[in-house]
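Input: a single structure, listed below in structure tokens.
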There are 2 protein chains.
Amino acid sequence: MTDIDIIEGNGEDETPVARVPRGTGRRLHGAVAHKLGTAILSGEYAPGDTLSGEVEFSKTLDVSRSAYREAVQVLTAKGLVESRPKIGTRVLPRSRWNLLDPDVLAWAFAGEPDITFVRGLFELRAIVEPAAAALAAERRERSDLKVMKDSLAAMRRLTLATEAGRAADREFHDAVLTATRNDALIVLSASIGAAVNWTTQFKQRGRALPRNPLPDHMLVYEAIAAGNANAASTAMRTLVDLALEDTKLAMAR
Amino acid sequence: MTDIDIIEGNGEDETPVARVPRGTGRRLHGAVAHKLGTAILSGEYAPGDTLSGEVEFSKTLDVSRSAYREAVQVLTAKGLVESRPKIGTRVLPRSRWNLLDPDVLAWAFAGEPDITFVRGLFELRAIVEPAAAALAAERRERSDLKVMKDSLAAMRRLTLATEAGRAADREFHDAVLTATRNDALIVLSASIGAAVNWTTQFKQRGRALPRNPLPDHMLVYEAIAAGNANAASTAMRTLVDLALEDTKLAMAR
DNA sequence: TCTCGACGAATAGTATGACAATTTATGGTA
DNA sequence: TACCATAAATTGTCATACTATTCGTCGAGA
């Protein structure tokens, strides 16, 4: 899959341009936002840099000014850039970025993700997920338990080697979150979890998992089912630590 | 400051429309996004609802289609809505909203904030901030401590009754976060803290704080300075619990 | 000489109208 | 009945003109 298509200038036009392609169903401004977003997250544009003017840049990308502007609006909405008349569009300091935005996370992981940032995400996950498990142990309903049980069964049957198996894994974690009845917690943990899973999946192609994660999942489930908040917290903690180990291993090589 | 200006139809035009005004410096599409965002967060548009078409709606708001579309892009970027040809723009299920986005939080608190949502934010804060304090105790540098000390001094001098005093309070908490050296944690905690502070500030106009928060802040500082992670965690925990008490009190009346 | 204000230029912001692309619904045909 | 072509509605993209905002500069006056 190519990211950039170079097309030739036709001799009487301007400079050759880099087209922003898109798969079917993807919008043009979305593709532009993706391109700019990854460029910023990868450090290609550093905080303080000002992008070349709208007219010029849209011409370079071979898109209309409207499409380019809509893309910039997206970046602005995520705190990556700021536009002012006479000044231009400049990249904001990293502290203003919405680093927990799902798209921003995706852009961050599109290239080589910054190690310290990944470590930070794991740290956050290690804080939030055990606490979530504890809350889930206190508040879970019968239906939550059923979903967890079913997804664990699917995990056992399919293993993490298959996509369906990984889906079951995600389903289990989602069920735990849902059981907390805390929307903010759900949203946060879901995006972090997704981002973190990308790293492992990205790095471990073709490599067998170092250890069967099912028993640990079972421990979490049983603690939640028993309503034991402390046990749920510690069990989830070991689960997160295990994932961290795997990722550390994968990123080291 | 008026929020809506009603202007008369001129007799041959369409129906009278509600203009979206804006203060100087604010962009039109930003104002529209704010209006739509608060409308969605307040439940005026429920998940699943489809907004009237771009042409119609932009005419109703008396803005160009471009401005309206840019506003919708912002909402899309924050996971509030989704647009598809032939279908229209519809409000996404709440689970897709980026509830931790600063703007979304602001919109949520623009009207009467949902009690359970506020409770959830406090819960999250009670999870994250003590852990952050613990990390800060382990990683703080000399400069971090200096900033904390200075802001505490400012707090004592100015008290929380003044805006400058509250700024010093925020500065202290920011310093604690900065000391964690975890970007994701910083961003998260900062937005939650901001949102949560709005509630107290919003509700407690003219009412004296029930108790002097400075001693508890000092405890946090001392624990961090001493490098005692456990003590820092528990001290921060009591600080958060105290804030929760205040807010509960304020929202009850 | 310094300060303040008016003016001008550069850039993003808004408006308008036309056309393209996408997707659902409809209806017709095998 | 199932499937495929076609139509219609809506968003998506484009091009262009004009407006508003902001910074820098230049000049007048203290």
Side-chain angles (χ1 to χ4, degrees), chain A residues 5 7 13-14 17-36 45 48-77 79-92, chain B residues 5 7 10 12-14 17-36 45 48-77 79-92:
Chain A
D5 288 336
I7 65 177
D13 211 341
E14 302 227 319
V17 288
R19 267 233 186 101
V20 177
R22 60 184 208 258
T24 63
R26 234 173 130 197
R27 315 300 177 203
L28 183 51
H29 60 257
V32 174
H34 183 276
K35 180 181 170 58
L36 293 178
Y45 298 103
D49 288 0
T50 76
L51 280 52
S52 39
E54 288 183 350
V55 252
E56 184 184 348
F57 209 154
S58 57
K59 212 167 279 182
T60 307
L61 294 172
D62 196 36
V63 303
S64 74
R65 217 185 131 200
S66 329
Y68 174 77
R69 277 186 56 82
E70 291 189 358
V72 169
Q73 294 304 327
V74 172
L75 299 184
T76 304
L80 297 183
V81 302
E82 186 180 54
S83 298
R84 295 171 65 188
K86 172 79 177 182
I87 301 303
T89 301
R90 51 177 43 186
V91 180
L92 288 173
Chain B
D5 288 338
I7 66 177
N10 55 19
E12 114 270 8
D13 213 342
E14 302 228 319
V17 288
R19 265 228 191 106
V20 177
R22 60 186 209 259
T24 64
R26 227 170 136 197
R27 314 299 176 203
L28 184 51
H29 61 257
V32 173
H34 184 275
K35 180 181 171 57
L36 293 178
Y45 297 103
D49 288 1
T50 78
L51 280 52
S52 37
E54 289 180 351
V55 214
E56 185 184 346
F57 210 156
S58 57
K59 211 167 279 179
T60 306
L61 295 172
D62 196 37
V63 302
S64 74
R65 216 186 131 201
S66 333
Y68 175 77
R69 276 185 58 82
E70 291 190 358
V72 169
Q73 294 303 329
V74 172
L75 299 184
T76 304
L80 296 183
V81 302
E82 186 181 53
S83 297
R84 295 171 65 189
K86 172 76 180 182
I87 302 303
T89 301
R90 52 178 44 184
V91 180
L92 288 174

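Chain letters run A, B, ... following the sequence lines, proteins first, then strands; residues in each count from 1. As a basis for the values below, the full set of heavy atoms in this structure was taken, side chains included, without hydrogen atoms, waters or symmetry mates.
- For the atom pair CG (B/Leu36) and OH (B/Tyr68), the distance works out to 6.0 Å, reported to the nearest 0.5 Å.
- Atoms CD (A/Glu54) and C1' (D/dT21) sit 13 Å apart, rounded to a whole Å.
- Across all strands, B/Ser83 comes closer than 4.0 Å only to sugar-phosphate atoms, never to a base (heavy-atom distances).
- For the side chain to side chain donor-acceptor pair (under 3.5 Å) test with A/His29, the passing option among A/His34, A/Glu70, A/Arg69 is A/Glu70; the others fail.
- Rounding to the nearest 0.5 Å gives a distance of 10.0 Å between OG of A/Ser66 and CZ of B/Arg65.
- Here the nucleotide nearest the side chain of A/Ile87, chosen from D/dC23, D/dC14, D/dT13, is D/dC23.
- Nearest nucleotide to the side chain of B/Lys86, out of C/dT24, C/dT14, D/dT11: C/dT24.
- Look at CG on A/Leu28: it is 11 Å from P on C/dT22, rounded to the nearest Å.
- A sub-4.0 Å separation between OP1 or OP2 of D/dG12 and a side-chain N or O of A/His29 is absent.
- Between A/Tyr68 atom OH and D/dT16 atom C1' there is a gap of 19 Å when expressed in whole angstrom units.
- For B/Glu82 and D/dT11, the CD to P distance is 13 Å, given to the nearest whole Å.
- Considering only the side chain of A/Ser64, D/dA15 comes nearest among D/dG12, D/dA15, D/dC23.
- Which of C/dA15, C/dG13, D/dC14 sits closest to the side chain of A/Val63 comes down to D/dC14.
- Counting to the nearest Å, the C1' atom of D/dT16 and the NZ atom of A/Lys59 are 12 Å from each other.
- The distance between atom CZ of A/Arg90 and atom C1' of D/dT22, rounded to the nearest whole Å, is 12 Å.
- Close to D/dG12, at under 4.0 Å from its OP1 or OP2, lies a side-chain N or O of B/Arg69.
- The phosphate of D/dG12 has neither OP1 nor OP2 within less than 4.0 Å of any side-chain N or O from A/Arg26.
- When the C1' atom of D/dA17 is taken as reference, atom CZ of B/Arg65 falls 18 Å away, rounded to whole Å.
- Atoms CD and CG, on B/Glu56 and B/Leu51 in that order, are 10.5 Å from each other to the nearest 0.5 Å.
- Atom CD of A/Gln73 is separated from atom P of D/dG12 by 15 Å (rounded to the nearest Å).
- Listed nucleotides C/dA15, D/dT11, D/dC23 differ in distance to B/Ser66; the shortest reach to its side chain belongs to C/dA15.
- Atoms CG and OG1, from A/Leu75 and A/Thr89 in turn, are 9.0 Å apart once rounded to the nearest 0.5 Å.
- When each of A/Pro85 and A/Glu70 is assigned the nucleotide of DNA chain D with its nearest heavy atom, A/Glu70 is the one assigned upstream, toward the 5' end.
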